[in-house]
Structure formats: C-alpha cells, structure tokens
Protein chains: 2
Amino acid sequence: MSSGYSLGTVEVSSSPQERFADFLQSKGKRITQQRRILIDFVFKRHDHFDAEELILNLAQVPEGRKVSRPTVYRTLNELVDSGLLRRMNLRGRAIYEHDYGYPQHDHLHCTMCDKLIEFQSSELSDLLRAVAAEYDFRDTGHRLIISGICSACSATRHRRQTPLDLV
Amino acid sequence: MSSGYSLGTVEVSSSPQERFADFLQSKGKRITQQRRILIDFVFKRHDHFDAEELILNLAQVPEGRKVSRPTVYRTLNELVDSGLLRRMNLRGRAIYEHDYGYPQHDHLHCTMCDKLIEFQSSELSDLLRAVAAEYDFRDTGHRLIISGICSACSATRHRRQTPLDLV
DNA sequence: CTTTATGCAAATATTTTGCATATAG
DNA sequence: CTATATGCAAAATATTTGCATAAAG
C-alpha cells in the first residue's frame, strides 16, 4: 500500500482533508471543527448530493449537528473554490460531486428517475478544446448534461410529471 | 417574399404566434391578450434573456404593463413547453432563448462579461448521440456550456469577482 | 354561461448576510 | 489576544401558488 489516498480507482498524493487544509492555509483561513466535520462527511458518504441532503445527513449524527446550515453553504462554496467539489445545476438547485482524484466526466440525466450516469469521452474533450480555440476562447471548463430517459425507465414506463428545465 | 416567417437566416412555415396559438388550442388553453403581448415581445426583441429582464422591458410600454409577473412566469413555462423557447441555467437563474426556426447550437459562456457565444457542431451532435446509444439512453436533448474567458476579456483584463457556478 | 386566465398577495425554495458571540492560531 | 468563523435570525433572490375576479370562447 502506498502512502497515497485511495479512491478505489485512482491514487492521488494527498487526501481531500489535506488538500482542503492547504487551501485554507493559503487563504489565511482556519481549520475549524465544522470544516473538518464537513469535509469528512462529504468525502466519506456522498457522490452526487445537494445542500439539503447533506444537511439532512448531518442531522442524523451528533457530530453533524454541530454544523449549522449557513456554515454548510459557506463551506460548500469553499470546497468548490478549492477544487475539491464540482457544482452543477439540476432542476434549479445546486448539485455537488467529488472533483478530486476523479477523472473528468460528463453526465446523462434521466428526467424520469433523476439518476445521473457518468461517462467519459476524450473525443469530446478534444472537440471542445477545438471549438474554444476557434473562438479564441480561454476554456476553463464545461458542463454537459444529456437529458433523456434511462434504459431502466424506458422499460418500466414509470411516468414523471415536471419536464421543466434541464441543466 | 414568401408567405413564411423570416428569421433572417431561416425561413419557417409559421410564425411563433401561430405556433403558440396551435399549442394553446391543442391544450384547451385560451389565446389571451397577455399571451399575445408576451409572445410578440419575446420574439421581437430578445435573444438571450431572463424573466427579470423581460419584466423590466415590459414595464417600459403601456401594452407591457398589462402583464403581471406571475403571468410572465406562467407564460414562459408554456413557451418552453411549446418548444418555442429553450431554457438554461446560468449563475442560478433561468435564461431563455428562441428555440424555433433556430438551428441547434451550444454556448461558450464568458465568466467575466457574461456574454454567451453560440456555436454549432454536427460532430458534437453525432458524438452525443453515440454516447447515449452506448448507455441505451433515450436522448431528448442536451445542454452544454463551455465556460471561460472570451477573447475581448482576455485582452482587456477586466476582472470580475464571483467565479461561482457554471451552467 | 362556463371554464380558464389573471392579478394580487402570500408562500415557497434556495442561498446569502449582518451581527454578536465563540474559537483558532 | 486578535482575527476569523460560527450560529442565529433575517434578508435576498427567484419562482410558484391560492383565491377572488376578469375575460375568452
């Protein structure tokens, strides 16, 4: 076993905890009990989640009850700034996912069951890079969500009401 | 001049007004003064806009003042449902654009000046279709936004504060 | 006339903020 | 000790909804 932090598929040089600590230090911010609780929570249990889910999960353990709602929101912003989390918008609210030690990927979003399926495509990255270049655009990232109906939902014909907005 | 409704680049068989009327009829909804005002407004002046902008613009003419805020929101939803408008999410709020007689396209979003640049790529469409197929996913559309700094902003080094969320 | 739409005010949902107190360094 | 963080309550933002009245068909 290496000294690296294992993510199952990827091995990186430091844990999210360490990276967050570095980020905070570099900004003159403090490593508080709440921030420690939050980063542990976020990197232990969740894949895709929103603020409300996180808050509900926190409420289920004594440790978690030490963190207030505003602090959750404030810290989620810091985690995004630090590059540890990636934020996207689904049905009008922010959804977060790990963005550390994770390969770049995009999503298929099932509008029936709300499931997110990740996929990777280097062809896609190349294509987007080329598009940006064509417009002299300094590309700092992208969000792509393909909406539709996943195979499971296609089979079961479960209906869902709100088509509403994607992405 | 043909009997078609001209959009500058594209020529389509009926006007947005007609299409909206058809949509409303098909749903047993009524063609009201407010809906008429709104569709005229939306298809005369705007390209990318949000609800607030539209409401401010409406407030500037007597005609527009006949339409209340809730009706604007309700009608925007109908316009999206009818396929006349496309909705996306930028910095947490809904942005609308014409989606009728318009070729499918995606966007580059400058996070400095907030400008949206449209681009088209058939390669991209093909690629996304292939991805969806690979997952037995019934693709009903996608949203793609490449974030970054446009050439103008790269030149002028105008700074902007909030990096915040994309898409 | 009957049903759908509108406007108003209020509600909802999500996220942010001011300020007094607590705590990290 | 001093500056930053937290919690609380409240504000801000964006959008939706209940209900009485107005208007379309």
Side-chain angles (χ1 to χ4, degrees), chain A residues 17 20-39 41 49-56 58-59 62-82 85 87-96 161-167, chain B residues 20-39 41 49-56 58-59 63-82 85 87-96 161-167:
Chain A
Q17 284 78 359
F20 194 37
D22 290 348
F23 169 80
L24 293 172
Q25 291 241 331
S26 76
K27 300 276 182 184
K29 296 178 169 215
R30 292 172 181 174
I31 299 170
T32 62
Q33 193 184 176
Q34 287 73 352
R35 285 182 176 137
R36 255 190 254 110
I37 294 169
L38 281 171
I39 197 165
F41 234 81
F49 64 97
D50 61 29
E52 197 55 38
E53 273 171 57
L54 178 55
I55 289 163
L56 288 174
L58 285 165
E63 183 88 334
R65 269 171 245 130
K66 294 180 184 169
V67 188
S68 70
R69 175 175 290 272
T71 295
V72 169
Y73 276 97
R74 285 187 278 236
T75 307
L76 284 172
N77 285 335
E78 292 165 347
L79 289 169
V80 170
D81 289 348
S82 73
L85 287 184
R87 171 162 43 206
M88 69 190 122
N89 238 293
L90 233 48
R91 302 186 182 286
R93 55 231 254 280
I95 303 286
Y96 300 86
Q161 58 293 9
T162 8
L164 271 184
D165 44 325
L166 337 158
V167 174
Chain B
F20 194 37
D22 289 348
F23 169 80
L24 293 172
Q25 292 241 330
S26 76
K27 301 277 181 182
K29 294 177 170 219
R30 290 169 183 179
I31 299 170
T32 62
Q33 195 185 176
Q34 286 75 349
R35 285 181 176 139
R36 254 189 254 110
I37 293 169
L38 280 172
I39 197 164
F41 235 81
F49 63 97
D50 60 29
E52 198 56 38
E53 273 171 56
L54 178 55
I55 288 163
L56 288 175
L58 285 164
E63 184 88 333
R65 270 172 244 130
K66 293 181 185 169
V67 187
S68 70
R69 175 177 290 270
T71 295
V72 168
Y73 276 98
R74 284 187 277 237
T75 307
L76 284 173
N77 284 336
E78 293 164 346
L79 289 169
V80 169
D81 289 348
S82 73
L85 288 184
R87 172 161 42 204
M88 69 191 122
N89 240 293
L90 234 45
R91 302 184 183 286
R93 53 229 254 282
I95 304 287
Y96 300 86
Q161 57 295 5
T162 8
L164 269 186
D165 45 326
L166 339 154
V167 172

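Residue numbers start from 1 in every chain, and the chains themselves are labelled A, B, ... in the order their sequence lines are given, proteins ahead of strands. What you see below is based on every heavy atom in this structure, not just the backbone, and it leaves out hydrogens, waters and symmetry mates.
Rounded to whole Å, atom C1' of C/dG7 lies 9 Å from atom CD of B/Q34. Remark: P of C/dT14 and CE of A/M88 are 17 Å apart, rounded to the nearest angstrom. Rounded to whole angstrom, the span from the CD atom of A/Q25 across to the P atom of C/dA24 amounts to 15 Å. Computed from coordinates, the A/R93 CZ to C/dT15 C1' distance equals 12 Å when rounded to whole Å. Distance CZ (A/R69) to P (C/dT16): 12 Å, rounded to an integer number of Å. Going from atom CZ of A/R36 over to atom C1' of D/dT6 covers 14 Å, rounded to whole Å. We find that NZ of B/K27 is positioned 14 Å from P of C/dT4, with the value rounded to whole Å. In this structure, A/L58 atom CG and D/dT6 atom C1' are separated by 15 Å, rounded to whole Å.
Using a 4.5 Å cut-off on side-chain heavy atoms (C-beta onward), B/N77 and B/R87 make contact.
Contact annotation: A/Y73 does not reach the phosphate of C/dT16 (side-chain N/O to OP1 or OP2, under 4.0 Å). Phosphate contact (OP1/OP2 of D/dT6, side-chain N/O of A/T32, threshold under 4.0 Å): present. At least one side-chain nitrogen or oxygen of B/N77 sits closer than 4.0 Å to the OP1 or OP2 atom of D/dT16.
With sequence neighbours left out, B/A21 forms a side-chain contact (heavy atoms from CB on, under 4.5 Å) with B/I31. The side-chain contact (heavy atoms from CB on, under 4.5 Å) check on B/F49 picks up B/V42, B/H46, B/E53, B/L54, B/L76, B/L85, B/Y96, with sequence neighbours excluded. A/K27 is linked by a salt bridge (Lys or Arg N to Asp or Glu O under 4.0 Å) to nothing, counting only residues two or more places apart in sequence or in another chain. Residues passing the side-chain contact (heavy atoms from CB on, under 4.5 Å) test with B/R65, sequence neighbours excluded: B/P62.
In the model, A/K66 has no side-chain atom that pairs as donor or acceptor with a side-chain atom of A/Q34 under 3.5 Å.
Closest approach of B/L24 and B/R30 over heavy atoms only: CD1-O, 3.9 Å. Across all non-hydrogen atoms, the minimal contact from B/L38 to B/T71 is CD1-O, 3.9 Å.
Mapping B/K29 and A/E78 onto DNA chain D via the closest heavy atom, the residue that lands nearer the 5' end is A/E78.
One axis for each end of the helix from C/dC1-D/dG25 to C/dG25-D/dC1, each built from five base pairs, and the angle between them comes to 30° at 10° resolution.
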Grab the N/O contacts between the protein and nucleotides 19-23 of chain D below 3.5 Å, and write none if there aren't any.
none

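Comparing C/dG25, D/dA5, D/dG25 against the side chain of A/I31 picks out C/dG25 as the nearest. Minimum atom distance to the side chain of A/P70 is reached by D/dC8, of the listed D/dA5, D/dC8, C/dT15. Among the nucleotides C/dT16, C/dG7, D/dT6, the one closest to any side-chain atom of B/S68 is C/dG7.
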Carefully, step by step, assess B/E78 and B/K29 under the rule salt bridge (charged side-chain N to carboxylate O under 4.0 Å, His left out).
CA-CA 10 Å; B/E78 293 164 346; B/K29 294 177 170 219; 3.1 Å; yes

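Interatomic distance, CE of B/M88 versus CZ of B/R93, reported as 12.5 Å (0.5 Å rounding).
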